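All remarks here apply to the structure that follows.
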Amino acid sequence: MRRLHTDYLDIVLCHDVEFVDIAQIVDVALPKLLELKQQGLVRKLRAAGVETVIAASPLSMGLLSDGETPEWHPAKSELKNAVKQCIDLVRSCNEESKISLAEIAESYAFSYGDVDVHLVGAKTAQEVEHAFRAYTHAQKLQLFASGKYEDDNIQNIYAQIKTILEPFAEYTWPSPPGNA
């Protein structure tokens, strides 16, 4: 909380609770969180599991960011290569389009409406503000529901990215990974 410059948290979300032993949640996590709530350090507690639909990580754990894929990323090499192809495509069109792969990924992910929460990671206030702007823009575009970019160049890039990534549309990786 010191890094956040606050004396309390508005909400603590226990995410992916279905991947841990229920005894760990009931006997360890919840009592400690309730203690923090009684101390006024946490205002609300929530657990995400079967009851709540969360769309997490619109950049697929950094895979769809504009930099190098993190070494530890669990995606198979074919998908990493396809993403590299998308990054190269966006960069080659960047003078006329002024968009990034991350922005396209966020616009697509945030336009998906059948979820309760869109969960993103942010380290700075600027990243939070960026995510909010991306979400607001995505709600107007509605790419998931066949919406289109107003700029034809960007729409063309988006269409090419969809084609490149189509073979991986149903691909997932273990979460948490088997060695966690």
Side-chain angles (χ1 to χ4, degrees), residues 1-80 82-83 101-139 142-145 165 167-180:
M1 289 190 302
R2 180 178 39 243
R3 288 179 62 200
L4 295 172
H5 304 287
T6 187
D7 297 330
Y8 67 91
L9 299 175
D10 288 313
I11 187 167
V12 170
L13 173 69
C14 298
H15 182 55
D16 285 346
V17 296
E18 68 272 22
F19 293 116
V20 297
D21 182 7
I22 190 70
Q24 185 178 5
I25 297 165
V26 173
D27 298 334
V28 180
L30 287 179
K32 185 62 179 177
L33 289 170
L34 289 170
E35 178 185 319
L36 293 172
K37 186 174 180 182
Q38 288 173 345
Q39 294 173 6
L41 298 174
V42 174
R43 291 194 174 166
K44 293 184 179 185
L45 302 172
R46 297 291 183 265
V50 179
E51 301 283 327
T52 303
V53 179
I54 296 177
S57 191
L59 300 181
S60 295
M61 297 168 41
L63 182 65
L64 299 173
S65 66
D66 300 308
E68 293 293 319
T69 300
E71 183 69 31
W72 51 262
H73 200 285
K76 59 185 177 180
S77 61
E78 295 88 353
L79 176 54
K80 289 178 182 180
V83 169
L101 178 61
E103 290 172 294
I104 291 171
E106 289 168 333
S107 292
Y108 183 80
F110 290 153
S111 72
Y112 186 72
D114 291 340
V115 298
D116 298 310
V117 175
H118 289 277
L119 183 65
V120 298
K123 293 179 259 172
T124 66
Q126 291 83 7
E127 288 178 356
V128 172
E129 291 167 2
H130 168 81
F132 181 74
R133 284 192 307 273
Y135 177 81
T136 303
H137 185 243
Q139 296 304 298
Q142 288 300 307
L143 294 176
F144 197 84
L165 296 179
F168 306 98
E170 300 297 322
Y171 174 72
T172 62
W173 48 79
S175 178
N179 60 358

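Remember, it's a predicted structure, so these values are computed and weren't measured experimentally. One is the number of the first residue; the rest follow in order along the sequence.
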Please report the closest heavy-atom contact between [X] and [Y], naming both atoms and the distance.
{"X": "Leu41", "Y": "Met1", "result": "CD2-CE, 3.7 Å"}
{"X": "Pro31", "Y": "Val26", "result": "CD-O, 3.2 Å"}
{"X": "Phe168", "Y": "Ala82", "result": "CE1-CB, 3.6 Å"}
{"X": "Phe110", "Y": "Ala138", "result": "CB-CB, 3.4 Å"}
{"X": "Pro70", "Y": "Lys80", "result": "O-NZ, 4.5 Å"}
{"X": "Ser65", "Y": "Leu101", "result": "O-CD2, 4.3 Å"}

Take Leu79 and Leu165 through the test side-chain contact (heavy atoms from CB on, under 4.5 Å) and record every step on the way to the result.
CA-CA 8 Å; Leu79 176 54; Leu165 296 179; 4.2 Å; yes

For Ser111, does its backbone N or O pair with a side-chain atom of His118 as donor and acceptor, under 3.5 Å?
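A pair under 3.5 Å: no.
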
Backbone N or O of Thr124 within a donor-acceptor pair of the Glu129 side chain at under 3.5 Å?
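Checked: no pair found.
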
How far does [atom1] of [X] sit from [atom2] of [Y], to the nearest 0.5 angstrom?
{"X": "Leu45", "Y": "Leu30", "atom1": "CG", "atom2": "CG", "result": "7.5 Å"}
{"X": "Leu64", "Y": "Leu59", "atom1": "CG", "atom2": "CG", "result": "6.5 Å"}
{"X": "Glu127", "Y": "His130", "atom1": "CD", "atom2": "NE2", "result": "8.5 Å"}

Taking the side chain as everything from C-beta on, heavy atoms only, tell me whether Leu4 gets closer than 4.5 Å to Leu9.
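Sidechains of Leu9 and Leu4: in contact.
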
Is it true that atom [atom1] of [X] has more than 12 heavy atoms of other residues, nucleotides or ligands lying nearer than 6.0 Å?
{"X": "Asp10", "atom1": "CG", "answer": "yes"}
{"X": "Phe132", "atom1": "CZ", "answer": "no"}
{"X": "Gln139", "atom1": "CD", "answer": "yes"}

Indicate the ring-plane relationship of His73 and Trp173, choosing parallel, tilted or perpendicular according to the 30° and 60° boundaries.
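Answer is perpendicular, since the angle exceeds 60°.
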
Evaluate the side-chain contact (heavy atoms from CB on, under 4.5 Å) criterion for residues Ser60 and Val83: first the C-alpha distance (whole Å), next the side-chain angles of each, then the deciding distance (0.1 Å), finally the verdict.
CA-CA 11 Å; Ser60 295; Val83 169; over 6 Å; no

Side chains of Glu103 and His137: do they bring a donor and an acceptor to under 3.5 Å?
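No, no side-chain donor-acceptor contact under 3.5 Å.
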
